[in-house]
Amino acid sequence: MSKPVKVAIIGSGNIGTDLMIKILRHGKHLQMGAMVGIDPASDGLARAERMGVATTAGGIEGLLAMEVFKDIKIVFDATSAGAHAHHNALLQPHGIKVIDLTPAAIGPYVIPAINLDSELDASNLNMVTCGGQATIPIVAAVSRVAKVHYGEIVASIASKSAGPGTRANIDEFTETTTAAIEKLGGATRGKAMIVLNPAEPPLIMRDTVFVLSELADQEEIERSILDMISSVQSYVPGYRLKQSVQFEVISPEAPVNVPGLGYLSGLKTSVFLEVEGAAHYLPAYAGNLDIMTSAAMACAERIAATRLNTVEA
């Protein structure tokens, strides 16, 4: 087998640290090259050092100055939407594949279960948001069967799993997720909301998806949804239905008013999801972090295997 592809992670917070541990424990075609932060006292940098990973607290400039940088082929950015534009601009001249775990959306939206194969050649891949990774596959599953007029998602996460990066990017979360519901989910119009739940003990990530589509065979839609869930589970084992898919026929005599689209009838599909994290770094309730790091790792593994000359053993 060819040598593993060396990667770097920018951002030594919750998401970056969880991703690092995933790669160290389960990386098939990937090898940690560097962990990058800006806080010398961060737990992520300390853990990286203990695990034998090269580190820098000098941010992106520190990464560029590291000896190992010449061998880095993929960089994950787990910082903030605002910082990502600067990071990407410095990395692109070096031919680095950038996987963006912020809502910056400089590159195409990528959800592995939906469109990874068609975006493998992109220089920058955006992982949308945690809510987007969890819910947009369901909208896309309905779109495979019927035209979707409207898709609405509500992502509820434990407050303790929302670090400063998540809290600083709430506006970007709603904007990016809404746009991806339309772009990847196939909805004519989308809407996204996030709820930070302060309950104690912390609750596991829960996601609700409401889809209004043209009338279609309900069994066919349910099969499509279950197939999509299976696809997501291939890289996020803790992703699952919380209860059976629900349907409601909206008759032309009692249509619903969709802002921007007017009064519509059709089939309303309601899907209730739960995402349990693998607890590599944070507790299992932090499924919002796990689905992001798992999706990003799935993308990098595929890129390494198919675009960077790594072959199966």
Side-chain angles (χ1 to χ4, degrees), residues 7-11 13-16 19 36 60 74-93 96-140 143 148 150-155 157 162-194 207 209 232 235-236 260 288-300 302-303:
V7 305
I9 298 171
I10 307 176
N14 291 338
I15 291 179
L19 177 58
V36 181
I60 182 67
I74 299 173
V75 170
F76 299 91
D77 192 338
T79 59
S80 69
H84 179 67
H86 175 61
H87 297 162
N88 186 66
L90 292 179
L91 292 169
Q92 290 302 328
I96 301 290
K97 285 276 191 180
V98 179
I99 298 180
D100 175 19
L101 287 86
T102 82
I106 291 174
Y109 301 126
V110 176
I111 295 177
I114 299 176
N115 71 326
L116 174 57
D117 288 340
S118 64
E119 301 293 356
L120 287 176
D121 291 325
S123 59
N124 181 304
L125 285 70
N126 177 257
M127 295 292 96
V128 195
T129 60
C130 60
Q133 287 290 338
T135 61
I136 295 173
I138 303 302
V139 182
S143 290
V148 171
Y150 178 69
E152 178 179 306
I153 73 96
V154 181
I157 66 175
T166 298
R167 294 172 187 273
N169 285 281
I170 295 296
D171 288 345
E172 290 88 349
F173 172 94
T174 56
E175 293 165 4
T176 296
T177 308
T178 295
I181 290 170
E182 299 169 1
K183 176 74 173 179
L184 296 187
T188 301
R189 191 171 183 87
K191 182 177 181 179
M193 292 170 278
I194 185 170
D207 299 285
V209 187
V232 177
Y235 56 93
V236 189
N288 54 305
L289 300 182
D290 192 74
I291 198 166
M292 284 294 282
T293 54
S294 295
M297 184 171 169
C299 289
R302 187 78 60 83
I303 290 169

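Considering all non-hydrogen atoms of both residues, Val148 and Ser143 come closest at CG2-OG, 3.2 Å. Residues Ala78 and Ile15 share a closest heavy-atom pair of CB-CG2, 3.9 Å. In this structure, Cys130 and Ile291 approach most closely via the heavy-atom pair O-CG2, 3.8 Å.
Looking at Thr178, its side chain does come within 3.5 Å of a backbone N or O of Ala192 through a donor-acceptor pair. Remark: side-chain polar atoms of Tyr235 are paired, donor with acceptor, to backbone N or O of Ala113 under 3.5 angstrom. Using modelled atom types, one side-chain atom of Glu182 and one backbone atom of Gly190 make a donor-acceptor pair closer than 3.5 Å. Between the side chain of Lys191 and the main chain of Tyr150, no donor-acceptor pair closer than 3.5 Å is present.
Applying the salt bridge (charged side-chain N to carboxylate O under 4.0 Å, His left out) test to pairs two or more places apart or on separate chains, none has a residue in residues 75-89. Counting only residues at least two apart or on different chains, the salt bridge (charged side-chain N to carboxylate O under 4.0 Å, His left out) pairs with a member in residues 107-118 are Asp117-Arg302. Screening residues 98-113 for salt bridge (charged side-chain N to carboxylate O under 4.0 Å, His left out) gives no qualifying pairs among residues at least two apart or on separate chains.
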* Any chance you could lay out the side-chain contact (heavy atoms from CB on, under 4.5 Å) test for Ile106 and Val98, step after step, and finish with the verdict? => CA-CA 10 Å; Ile106 291 174; Val98 179; over 6 Å; no
* What's the verdict on side-chain contact (heavy atoms from CB on, under 4.5 Å) for Met127 and Val110, showing C-alpha distance, side-chain angles and the deciding distance? -> CA-CA 5 Å; Met127 295 292 96; Val110 176; 3.7 Å; yes
* Taking it one step at a time, do Leu116 and Leu125 satisfy side-chain contact (heavy atoms from CB on, under 4.5 Å)? -> CA-CA 9 Å; Leu116 174 57; Leu125 285 70; 4.3 Å; yes
* Passes side-chain contact (heavy atoms from CB on, under 4.5 Å), Asp290 versus Val236? Steps please. -> CA-CA 8 Å; Asp290 192 74; Val236 189; 4.0 Å; yes
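Considering only residues two or more places apart in sequence or on other chains, Ala179 meets the side-chain contact (heavy atoms from CB on, under 4.5 Å) condition with Tyr109. Residues passing the side chain to side chain donor-acceptor pair (under 3.5 Å) test with Asn88 are Gln92, Asn124, sequence neighbours excluded. Contacts of Thr174 classified as side-chain contact (heavy atoms from CB on, under 4.5 Å), with partners at least two apart in sequence or in another chain: none. Residues passing the side chain to side chain donor-acceptor pair (under 3.5 Å) test with Asp121, sequence neighbours excluded: Arg307. For Glu119, there are no side chain to side chain donor-acceptor pair (under 3.5 Å) partners at least two apart in sequence or on another chain. Residues forming a side chain to side chain donor-acceptor pair (under 3.5 Å) with Thr176 (at least two apart in sequence, or on another chain): none. Annotation: side-chain contact (heavy atoms from CB on, under 4.5 Å) contacts of Ala140 (sequence neighbours excluded): Ile114, Met228. Under the side-chain contact (heavy atoms from CB on, under 4.5 Å) criterion, Ala81 pairs with Thr102, Pro103, Ala104, Asn169, Glu172, sequence neighbours left out.
Tested against Val36 for a side-chain contact (heavy atoms from CB on, under 4.5 Å), the candidates Thr79, Ile60, Ile10, Ile9 yield a single pass: Ile10.
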